[in-house]
Amino acid sequence: MLLNLLATEIVVVPSGAPRVAYGLSVLEFECGYGVDAMYARLRAGDAVVLTDFRIIAYEKERPSLLLAEYPLRLEQKESGQGWFLTMP
């Protein structure tokens, strides 16, 4: 399922590289969880594992756009294969 999360800030922490912060952006990614289950995990402080994602500049409302309550953090796994998405 393709999900879209709008966040005031998205911090990306690539393995071995400086972190990058994006303001008011949409995180687009595929997730096997439903929207409610995925968001409940983030709110509970758990990480959602992603294989890939896109960060898109926010331009307008669109269907299925979910607003994140807190900034999002994407941290690359040590293996370099995949990412941990959290809402710290």
In one Ile/Leu/Val/Met/Phe/Trp/Tyr side-chain cluster, 4.5 Å: [X], [Y]:
X     : Y     : result
Val35 : Ile10 : yes
Val12 : Val26 : no
Leu27 : Leu24 : no

**OP:** Show your reasoning for whether side-chain contact (heavy atoms from CB on, under 4.5 Å) applies to Tyr39 and Leu5.
**Re:** CA-CA 10 Å; Tyr39 205 69; Leu5 274 177; 3.9 Å; yes
Subject >> Smallest separation among heavy atoms of Met38 and Cys31, with atom names >> reply: CG-SG, 3.9 Å
Subject >> Which residues share a side chain to side chain donor-acceptor pair (under 3.5 Å) with Glu61, sequence neighbours left out >> reply: Tyr58
**OP:** Could you list the residues that satisfy side chain to side chain donor-acceptor pair (under 3.5 Å) with Glu75, not counting sequence neighbours?
**Re:** Arg73
Subject >> Point-to-point distance, once rounded to the nearest 0.5 Å, from CG of Leu6 to CG of Asn4 >> reply: 9.5 Å
**OP:** Check which hydrophobic residues are tied to Val13 through side-chain heavy-atom contacts below 4.5 Å, counting indirect links as well, and list them.
**Re:** Val11
In a table with atom names and distances, give each donor-acceptor pair under 3.5 Å that connects a side chain of residues 76-88 to protein atoms at least two apart or in another chain.
unit_1 : atom_1 : unit_2 : atom_2 : d
Gln76  : OE1    : Ser15  : N      : 2.8
Gln76  : NE2    : Gly80  : O      : 3.2
Ser79  : OG     : Gln81  : N      : 3.2

Please set out all donor-acceptor pairs under 3.5 angstrom arising from side-chain atoms of residues 64-72, sequence neighbours excluded.
none

Can I get a per-line list of side-chain donor-acceptor pairs under 3.5 Å for residues 43-57, giving both atom names and the distance, sequence neighbours left out?
unit_1 : atom_1 : unit_2 : atom_2 : d
Arg54  : NE     : Glu28  : OE1    : 2.9
Arg54  : NH2    : Glu28  : OE1    : 3.0

